[in-house]
Amino acid sequence: MILGIESTAHTLSFGLVSEEGEALPSSSDLYTPEEGGIHPREAADHHSEIAGYLLRNLMNENSLQPSDISAIAFSQGPGLGPCLRVGASIARGLSHSWDVPLVGVNHCVAHIEIGRNQTNCNDPVLLYVSGGNTQIIARRGGRYRVLGETLDIGIGNMLDKFARTHGMAFPGGPKIEVLANDWLAMNSHCTMDGISLPYAVQGMDLSFSGVMTAANQKISDGHRLEEVCWSLQEHSFAACIEVAERAMAHTGKEQLLLGGGVACNARINEMARVMCEERGATSYCPPKAFCVDNGTMIAELGRRMLSVSESTVLEDSAVSPGLRTDQTIVRWD
Ligand code: ATP
Ligand code: FE2
């Protein structure tokens with residue numbers, strides 16, 4: 001078994017993948033701020049406090065001994081420095097005391113590899129939609145290339161901030177999805193035009209702060225929260241799907257893979273499915289537990305890196321908060 005440790009932001013998670021690539025459920029806990037956005041040091045304190053419990057839980061549930069673990073993978077970046085450092089310290093400690101290799105992995109690439117592991121798609125365009133990241137990615141020439149991305153905030157961060165402004169605690173994305181569905185149910189008898197919001201596609205890039213400001217304004221103008229939630233999803237998801245479609249057209253790839261926490265949303269999955277069907281392509285999405293941040297995805301990327309003899313020596317194991325998707329050289333299948 002390869003043990004994976006995820007600690008880039010809100011989530012601390014330990015997960016396991018067998019050497020053959022069987023992915024087991026992670027043992028995770030989410031830090032939720034009492035008010036406001038994430039405070040990196042408080043999140044890091046949360047991670048240190050809960051780590052021992054989560055790891056013991058995972059080992060006991062799977063009846064594992066330390067001798068069953070053949071390597072330790074951890075998120076080296078991108079993410080919040082204090083949070084990353086907790087995961088990296090645990091990983092270094094375990095690797096040293098259990099005498100097994102250490103593998104520092106790129107968190108964004110891990111979202112891709114768990115998706116490939118779970119869906120068996122082999123060469124997709126990836127639509128990576130999470131709190132901190134919104135990227136359209138495709139593999140070419142030994143890298144996962146970023147073909148388009150948000151120029152300001154991540155789509156999930158936009159949803160969380162909008163939700164917080166209107167009294168909904170983190171994570172806001174799932175709550176917005178419920179309200180949008182309520183609006184659909186209230187209007188099931190008629191055709192909906194929705195509210196007009198900015199639609200921020202700029203070439204292959206996206207932006208979300210303008211649409212959030214406009215959505216807040218619509219609430220001040222007296223529109224119902226459910227209606228604004230529905231329109232916010234329609235506008236922001238359609239923008240992502242448009243860029244993903246253009247990426248598929250340019251690269252000639254016939255698979256779309258969704259990943260990141262926002263990929264839990266049924267509406268963005270539906271849009272992806274329709275777009276792919278219309279162009280004779282196929283849309284894939286891993287189960288929700290593997291869309292959100294999880295230790296299993298870190299273990300899976302560690303497994304693939306070890307398959308091409310890549311591991312991380314102690315001197316190279318410092319965290320890398322600004323690591324980009326396309327900085328990692330991809331040598332594995
Ligand atoms: P990354 O470091 O990759 O940016 P992250 O820290 O944002 O990851 P994830 O677990 O990948 O963590 O994603 C969390 C985000 O997913 C939050 O913004 C949350 O609101 C959003 N999300 C979760 N479920 C849904 C949903 N059903 N609809 C929309 N957004 C969702
Ligand atoms: Fe993530």
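Whatever order the structure lists them in is the order used to number ligands and atoms, beginning at 1.
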*Taking all heavy atoms of Leu258 and all of Ala263, pick out the closest pair and write down the distance.*
CB-CB, 3.8 Å
*Examine all N, O or S atoms of Glu6, backbone included, and report whether one is under 2.8 Å from the Fe ion (ligand 2).*
no
*Count the heavy atoms of every other residue, nucleotide or ligand shown that sit under 6.0 Å from CG of Asp99, and state whether that count exceeds 12.*
no
_If you take the nearest heavy atom of each of Ile176, Thr11, Ile155, Asp293, which one is closest to atom 10 (O) of ligand 1?_
Asp293
*Is there a nitrogen or oxygen of Gly260 sitting under 3.5 Å from a nitrogen or oxygen of ligand 1?*
no
*Numbered atoms and elements of ligand 1 in range of Gly132, under 4.0 angstrom, heavy atoms*: 4 (O), 7 (O)
_Minimum heavy-atom separation for Asp205 and Val243, please, with both atom names._
O-CG2, 4.5 Å
*For ligand 1, the portion of His10 having any non-hydrogen atom under 4.0 Å away*: neither
*Is Lys288 touching ligand 1 with its side chain, its backbone, both, or neither, if touching means heavy atoms under 4.0 Å apart?*
neither
*Test of proximity, Gly131 against ligand 1: N or O pairs below 3.5 Å*: yes
_Inter-residue atom distance Thr134.OG1 - Glu149.CD, 0.5 Å rounding_ = 9.0 Å
*Is the closest heavy atom of Gly154 to ligand 1 under 4.0 Å?*
no
_Atoms of ligand 1, numbered as shown, that sit under 4.0 Å from any heavy atom of Cys264_ = 24 (N), 27 (N)
*Taking the side chain as every heavy atom from C-beta outward, state whether Asn216 and His166 have any pair of such atoms under 4.5 Å apart.*
yes
*asked:* Once you restrict to heavy atoms under 4.0 Å, what part of Ala9 touches ligand 1? Side chain, backbone, both or neither.
replied: side chain
*asked:* Between Arg92 and Ser317, is there a side-chain donor-acceptor contact under 3.5 Å, judged purely by atom types and distance?
replied: yes
*asked:* For the OG1 atom of Thr8 and the NE2 atom of His47, what is their distance to the nearest 0.5 Å?
replied: 7.5 Å
*Do you know the tightest heavy-atom contact between Ser26 and Thr296?*
OG-OG1, 2.6 Å
*asked:* Tell me whether Val201 shares a hydrophobic cluster with Leu232, the cluster being built from Ile, Leu, Val, Met, Phe, Trp, Tyr side chains joined at under 4.5 Å.
replied: yes
*Is the number of heavy atoms from other residues, nucleotides or ligands under 6.0 Å of His96 NE2 greater than 12?*
no
*Identify, for atom 27 (N) of ligand 1, the protein heavy atom at the shortest distance, and state residue, atom and that distance.*
Glu177 OE1, 2.8 Å
*Taking atom 23 (C) of ligand 1 as the reference point, the nearest protein heavy atom with its distance*: Gly261 O, 3.3 Å
*Output the atom name for the N/O/S atom of Asp293 with the smallest distance to the Fe ion (ligand 2).*
OD1
_Gly173 N/O under 3.5 Å from ligand 1 N/O_ = yes
_To check your reading of the model: name the closest protein heavy atom to atom 3 (O) of ligand 1, its residue, and the distance in Å._
Tyr128 OH, 2.4 Å
*Those atoms of ligand 1 less than 4.0 Å from some heavy atom in Gly156*: 18 (O)
*With a 4.5 Å heavy-atom cut-off, do Asp293 and Ser13 have their side chains touching?*
no
_Using 0.5 Å steps for rounding, measure from the CD atom of Glu300 to the CG atom of Asn117._
4.0 Å
*What's the shortest distance from atom 2 (O) of ligand 1 to any protein heavy atom, and which residue and atom give it?*
His107 NE2, 3.3 Å
*Which residue holds the protein heavy atom closest to atom 28 (N) of ligand 1, what is that atom called, and what is the gap in Å?*
Asn265 ND2, 3.0 Å
*Can you tell me if an N/O/S atom from His107 lies under 2.8 Å from the Fe ion (ligand 2)?*
yes
*asked:* At less than 4.0 angstrom from any non-hydrogen atom of His111, what atoms of ligand 1 do you find?
replied: 3 (O), 11 (O)
*Relative to atom 1 (P) of ligand 1, which among Ser130, Pro171, Ala266 owns the nearest non-hydrogen atom?*
Ser130
*Less than 4.0 Å between a side-chain N and a carboxylate O, is that true for Glu35 and Arg164?*
no
*Which is it for Asp160 and ligand 1 at heavy atoms under 4.0 Å: side chain, backbone, both or neither?*
side chain
